[in-house]
Amino acid sequence: MDILDGLNPAQKEAVETIEGPVLILAGPGSGKTRVIAHRVAYLIKTCGVSPHRIMAVTFTNKAAREMEERLNRLIGAALGNLTIGTFHAICARILRRDGKAIGVDSRFVIYDDEDQISLLKRTLQEIGLDPKQYAPRAIASAISAAKSRTMTPQEYVKHTTSYFEEVVGRVYERYQQLLTESNALDFDDLLMKTVLLFRNSDETLAKYHSRYLHIMVDEFQDTNLVQYELIKKLGGKKHNICVVGDPDQSIYSWRFADLRNILSFEKDFPKAKLVLLEQNYRSTKLILETASYVISTNQLRKPKELWTDNDQGELTNVVETYTEQEEAQFVVSEVEKLVEEGKAKLGDCAVMYRTNAQSRALEEAFIRYGTSYKLVAGTRFYERRETKDIIAYLRVIQNPSDSVSLLRIINVPGRGIGERSLSQLSSWAKSLGISQYETLRLITEQKDDGEQTPPFGSRIVKALVGFHGLMEEFIARSRELDLVDLFDLVTGRAGYEQYLQSGKDGEERWENVLELRTVAGEYRHLPPPEGLTAFLEGVTLVSDVDGLDETVDAATLVTLHQAKGLEFPVVFIVGVEEGILPHFKSFAGAEQMEEERRLCYVGITRAKQRLYLVHAFRRNLMGSSTPSTPSRFLDDIPKRLIASGGLWQGEEGRVMPPLYSSRAKTPAPNVPSSDVPSLKPGDHVRHAQFGNGVVVNCRTVEGDKEVVVAFTSGVGVKKLLLSFARLEKKE
DNA sequence: CGAAAGGCTCTTTTT
DNA sequence: GAGCCTTTCG
């Protein structure tokens with residue numbers, strides 16, 4: 001089979017242009033993944049390029065895996081050592097191998113978000129800054145912004161322009177020191193240090209230059225400046241760089257992804273070949289048109305013409321429900337209906353939402369209906385307390401300097417080592433200029449550095465020595481045990497199972513540990529040091545969608561961000577409301593609002609056959625129920641593209657009882673019932689402004705009654721609060 | 001030292 | 001609604 005078979009002219013051009021820089025602007029569903037796969041296959045099979053000399057960067061590990069599978073089908077097992085993976089994974093590999101040129105120890109551990117925040121809190125405390133006044137998250141974000149521009153602390157403090165930045169500068173300096181002392185890198189470091197490595201070590205750069213002949217980058221619209229510099233550096237003089245992206249699908253600016261990279265690419269490589277992929281193979285004509293209307297409202301974009309040969313398809317369903325519980329109920333019952341009618345399989349359906357919190361109501365409804373679903377990382381597995389505890393033990397084994405992990409587990413399970421002792425340990429370590437673990441060693445060996453005696457009571461010393469002995473045993477045994485045996489040794493000797501089982505949700509938590517053990521099993525075949533390193537790297541650099549299993553026939557629940565790169569025959573987007581999509585946080589600026597619109601666009605363009613945009617009239621936000629209005633994005637869709645239907649009436653025309661009557665526990669004070677009529681569905685009423693109507697539904701909401709009335713006067717269906725709307729009951 | 005209880009503050013997206 | 005912090009008491 002020829003690799004170019006079945007490609008359209010634009011796709012063919014993208015695949016065949018292998019010399020020099022190429023910029024592919026690809027609309028949704030235009031086959032960009034296919035183009036990348038075929039391009040790699042073409043390079044290897046037709047042009048005889050060794051896989052060893054090709055790098056393909058994907059956005060998630062899952063995308064990398066799928067790319068590999070695709071290539072395997074295209075060219076068989078001749079993949080050799082093709083470099084394929086996310087920026088972070090590729091950089092971690094480079095730094096492990098060659099980082100020592102800039103002082104990065106190959107046993108470094110990677111700090112995730114949570115570790116980063118925990119270290120930042122410690123930094124703030126040390127400097128004497130109030131974490132309430134300087135939110136660790138805000139500082140983390142500022143540091144991340146700096147690192148995304150390859151700004152070291154030294155450079156940062158030179159360029160501060162505000163008091164806040166000055167504070168950030170001070171924190172950044174110390175934070176980075178602590179990272180170095182812990183022999184740890186945060187996510188941004190993986191990228192930044194790799195760039196610094198290439199900047200500062202000509203030898204290393206030359207090594208990679210002579211290796212990589214072709215570089216390909218997917219989702220280029222979501223890369224940041226460091227990543228761009230990395231690509232340019234790796235691309236060498238030949239500039240055989242091929243980037244693929246879609247400005248309309250840029251949704252990570254908050255992570256400092258910079259759309260200007262696309263403009264810069266055209267400027268930096270004026271001879272770059274530009275390829276436009278505008279034919280959509282995914283969606284129906286109507287869905288594509290709906291999407292185009294939503295995105296074309298954005299001002300800061302280049303218009304482009306997408307088209308498709310696909311069927312006209314069906315109108316978009318815009319549906320309103322009363323509450324988010326009913327929204328969820330509607331989604332599940334509609335899914336069930338489609339499946340029953342043979343219009344879709346369960347696995348064809350996906351539900352997308354703006355915030356993770358929204359998944360809860362959906363999950364409850366799916367459970368209630370007994371409909372199977374897969375949730376992409378709910379309370380994310382690798383962020384669970386018990387999972388991270390075990391990982392922390394393993395990290396300290398790999399790298400005893402890792403202070404964040406050490407402090408996390410030194411008293412878990414409880415060993416009587418409290419906060420006071422810990423801060424003493426830390427300050428003692430600091431004054432001696434050694435790591436906490438080294439300090440433990442000193443205490444064990446009773447070497448008190450000549451004059452200074454350990455500032456601990458005998459009970460604490462005993463506990464510290466005990467813990468140190470435990471870890472020493474783990475470290476010693478880790479040299480010979482495979483990962484699963486090491487895992488069992490750790491959980492067993494540390495008494496972790498017992499500790500969990502005696503606590504809350506012990507059984508469930510222990511099962512999570514066992515699940516982690518299963519993951520460890522995948523690394524069992526690797527010899528001792530590598531198995532542990534690979535496992536720890538794997539569990540830190542996973543992305544949520546990595547766990548998605550397409551072979552399971554169940555509905556998929558994902559955030560809109562996670563949905564990028566996926567496609568489904570049936571898509572429900574829920575919470576299409578002001579404040580949710582677009583999110584409150586984006587009200588401040590036009591640029592953020594445009595990103596919300598792109599997010600909506602990404603969601604819509606995931607749909608192949610059927611699209612549902614659902615919004616609720618009331619939504620629970622932070623514990624209390626508030627009214628919600630339909631999203632402005634719905635206004636961008638012409639009425640002719642929308643199916644009539646509107647308000648959901650429940651199954652078989654009846655309104656379902658509420659799923660959960662949590663309000664029953666706290667009876668709300670009743671509205672004085674004297675002048676407010678009691679109404680039920682079917683009652684005829686009169687409103688001063690809207691005229692006569694029939695009650696469709698009513699519901700008690702926070703001590704008030706919410707009534708839905710269908711008016712006969714032409715104003716249609718209205719929702720009213722009984723205490724405000726002066727409704728008159730008619731007999 | 002640590003478990004338990006009560007009060008506080010949030011609005012998001014994640015490699 | 002939940003996560004985080006502080007306070008209180010054994």
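Chain naming here is simple, since letters A, B, ... match the order of the sequence lines and numbering starts at 1 in each.
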Nearest-Å distance for atom pair [atom1]/[atom2], residues [X] and [N]:
X	N	atom1	atom2	value
A:M622	C:dC4	CE	C1'	15 Å
A:I110	B:dT14	CD1	P	19 Å
A:N356	C:dG3	CG	P	13 Å
A:E595	B:dT14	CD	P	13 Å
A:E419	B:dA3	CD	P	14 Å
A:D186	B:dT14	CG	C1'	14 Å
A:M593	B:dT12	CE	C1'	13 Å
A:Q227	B:dT14	CD	P	16 Å

Quick one: does A:T223's side chain have a donor or acceptor within less than 3.5 Å of a partner on A:Y228's backbone?
no
Has A:Q501 got more than 12 heavy atoms of other residues, nucleotides or ligands less than 6.0 Å from its CD?
yes
Identify whether any heavy atom of [X] sits under 4.0 Å from a base atom; if not, whether one sits that close to sugar-phosphate; answer base, sugar-phosphate or nothing.
X	answer
A:S421	sugar-phosphate
A:F87	nothing
A:K564	nothing
A:D546	nothing
A:D113	base

Phosphate OP1/OP2 of [N] contacted by [X] side-chain N/O (<4.0 Å):
X	N	answer
A:N411	B:dG2	yes
A:R360	C:dA2	yes
A:Q562	B:dT14	yes
A:K121	C:dC5	yes

Would you say the base of [N] stacks on [X] (centre-to-centre below 5.5 Å, plane angle below 30°)?
X	N	answer
A:W254	B:dT12	no
A:H561	B:dT13	no
A:F584	B:dT11	yes

In terms of heavy-atom contacts, A:L259 and A:P247 come closest through CD2-CA, 3.8 Å
Contact summary for A:E114 and A:R408, nearest pair of heavy atoms
OE2-NH1, 3.2 Å
pair_partner(B:dC10), Watson-Crick or wobble, both distances < 3.5 Å, evaluates to C:dG1
Find the partner of C:dT8: check Watson-Crick (N1-N3 plus N6-O4 or O6-N4) and G-U wobble (N1-O2, O6-N3) distances, both under 3.5 Å, and reply none if neither fits.
B:dA3
A:H583 or A:T540, whichever maps to the more 5' nucleotide of DNA chain B
A:H583
Starting at the 5' end of DNA chain B, which residue's closest nucleotide do you reach first, A:R420 or A:N61?
A:R420
Could you walk me through whether A:E577 and A:R619 satisfy the salt bridge (charged side-chain N to carboxylate O under 4.0 Å, His left out) test, starting with their C-alpha distance in whole Å, then the side-chain angles of each, then the deciding distance to 0.1 Å, before giving a yes or no?
CA-CA 10 Å; A:E577 294 150 38; A:R619 185 164 297 272; 2.6 Å; yes
For B:dT11 and C:dT6, measure between their C1' atoms and round to the nearest Å.
24 Å
pair A:V542-A:E537: side-chain heavy atoms closer than 4.5 Å
no
From C:dC5, B:dT12, B:dG2, pick the nucleotide closest to the side chain of A:K585?
B:dT12
